[in-house]
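Everything on this sheet refers to the single structure shown next.
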2 protein chains.
Amino acid sequence: MPSLPSSPSHDGRLPLYHRIRDTLHAEITAHKWKPGEPLPTEAELAKSHGASIGTVRKAVESLVAAGVVERLQGKGTFIRRPDFQSSLFRFFRFAGADGAPRVPESRILKRDETPMPVTVAAAMNLTVGTRAIRLLRLRSFDGKPVLLEEIFLPRDRFKPLLEIDPCEFGALLYPLYEQYCGVLVTSARETLSAEAASPRHAKLLGLETGAPVIVIERVALALDRKPLEWRQSRGPADQFRYHVEIR
Amino acid sequence: MPSLPSSPSHDGRLPLYHRIRDTLHAEITAHKWKPGEPLPTEAELAKSHGASIGTVRKAVESLVAAGVVERLQGKGTFIRRPDFQSSLFRFFRFAGADGAPRVPESRILKRDETPMPVTVAAAMNLTVGTRAIRLLRLRSFDGKPVLLEEIFLPRDRFKPLLEIDPCEFGALLYPLYEQYCGVLVTSARETLSAEAASPRHAKLLGLETGAPVIVIERVALALDRKPLEWRQSRGPADQFRYHVEIR
DNA sequence: TAGTGGTCTAGACCACTCC
DNA sequence: GAGTGGTCTAGACCACTAA
């Protein structure tokens, strides 16, 4: 019999392992433990949640499946340090001569403040008119452009970015967000589409107008799944390749 | 203690639930039960495999995760009847006015016999020079072309297709494969890319030469993961949209 | 050697489906 | 009411890690 339900805010009819999972997830989201830190042992969790080890195990297993924690036999269960590295390597063949992934250089072409465009606000679940920081960013290998990105960030949360010289942004933005704004991207929703390059995009990417271009629209999310960043990336279609398994 | 290992061909050091899963999967692949039929109950499986119910349950759970069986509370565990419907609706926005998915009409432009091209043979793990049936197929809505497909099938397995009038192929090929060749597609590996339409493709699809086109290369697989069909589909990029969740 | 997660047991009771 | 899968228990022993 389930005893001592320890997640008072939940419907008691939910399975116990489900409630334990939700409680743990909420605690992790609230940074009760930092990334890399261990959770309490299964025995401790069982005791503190008034459940058997098997039930706790089932709860933890679903957190593993969700990518929130990681179990290492003989060591413990750890909060996953997100190695979220954008989807570049999933979608584009950016590899060095040895096949190892290569991060393209990055140049900020423009940084300004605007109201969030309607479509962006909608995708991020923000009210229209929220103030935004907009970045226009060109990424390249050895000076050859490969990716053009337009990025919108809610201004209030990302204000510190306005005070840094864009030349010092570096090749990756997400570490910057973490360092200066205390904001951690852990997942994203992306939509792929394709189009013919507009004259402006073609020029910036070094393509012919009308050449096929892949468009990746991304909403980057925090651990609690709140939208943090909206981004649209365009790259030449001939660099693009994506693999799926379906059934 | 694990007792009576019932999967003699396996390394005894593998976990029992793992061996049970593999045994069940092999039996399903060998058509011990037909799609839609129920597996034995958990209690029966536990007895016949000399394991406890919990262990059998873990094995069955992994088959559920792999999409091979389906559990219905109070009813039983059933071999999944594959509703594999190609990836059209995953990749392209083919919907009617009410938003319901719409299957495009299909016309076979050409059917002939050739040796498997090298790249196709490689993708299907066949020896180069295997004889093939090649189909060229145009799919459209109300006469407007939306997808151009080139299909290669190993001739020996699909011989009956050579004796049917291509006009009677119908809108979907996989039911045809099943009916005439006793071959069931249950999953597929696909690779997406994009290119500028060649003059020939553009003409058949009703596009301008050079317009962006999405290319989907598919290897369709049987339940035992043997390649059955190789297919390359091309469609206008403006119809294309694909959604992924990453972390 | 002590402590962790990984596997496994042999039951119990519950929720659901079907007759 | 009989039979199914769904949840849960309270242990056991094993494999692995680290001191």
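Each chain gets a letter, A, B and so on, in the order the sequences are listed, and its residues count up from 1. When reading the values below, keep in mind they use all heavy atoms of this one structure, side chains included, and skip hydrogens, waters and symmetry mates.
One finds no side-chain N or O of B:K58 lying less than 4.0 angstrom from the OP1 or OP2 phosphate oxygen of C:dC8. Regarding contacts with the backbone of C:dT4, every side-chain N or O of A:R71 stays at 4.0 angstrom or more from both OP1 and OP2. In this model, the phosphate group of D:dG11 is not approached by any side-chain N or O of A:S52 to a distance below 4.0 Å at OP1 or OP2. Close to C:dG5, at under 4.0 Å from its OP1 or OP2, lies a side-chain N or O of A:T77.
The pair B:E27-B:R21 fails the salt-bridge criterion, with no side-chain N (NZ, NE, NH1 or NH2) lying under 4.0 Å from an Asp/Glu carboxylate O. Residues A:R57 and A:E42 are paired through a salt bridge, judged by an N-O separation under 4.0 Å between the basic side chain and the carboxylate. A salt bridge does not link B:R189 with A:E245: every distance from a Lys NZ or Arg NE/NH1/NH2 to an Asp or Glu carboxylate oxygen is 4.0 Å or more.
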Before you tell me yes or no, could you show the steps for B:R80 and B:E70 under salt bridge (charged side-chain N to carboxylate O under 4.0 Å, His left out), namely the whole-Å CA-CA distance, both residues' side-chain angles and the distance that decides it to 0.1 Å?
CA-CA 6 Å; B:R80 234 184 65 157; B:E70 197 174 6; 5.7 Å; no
Worked verdict on A:Y242 versus B:Y242 for ring pair (Phe, Tyr, Trp, His ring centres under 6.0 Å)
CA-CA 11 Å; A:Y242 180 58; B:Y242 180 58; 5.7 Å; yes
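Between A:F240 and A:F91, the ring planes lie tilted relative to each other; the angle falls in the 30° to 60° range.
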What does the B/S/- profile of nucleotides 13-19 of chain C look like, 5' to 3', with a 4.0 Å heavy-atom cutoff to protein?
--BBSS-
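Backbone-only engagement by B:L72 is indicated by non-hydrogen atom pairs under 4.0 Å involving sugar-phosphate atoms exclusively.
At whole-Å resolution of the value, CG in B:L39 and C1' in D:dG5 are 12 Å apart.
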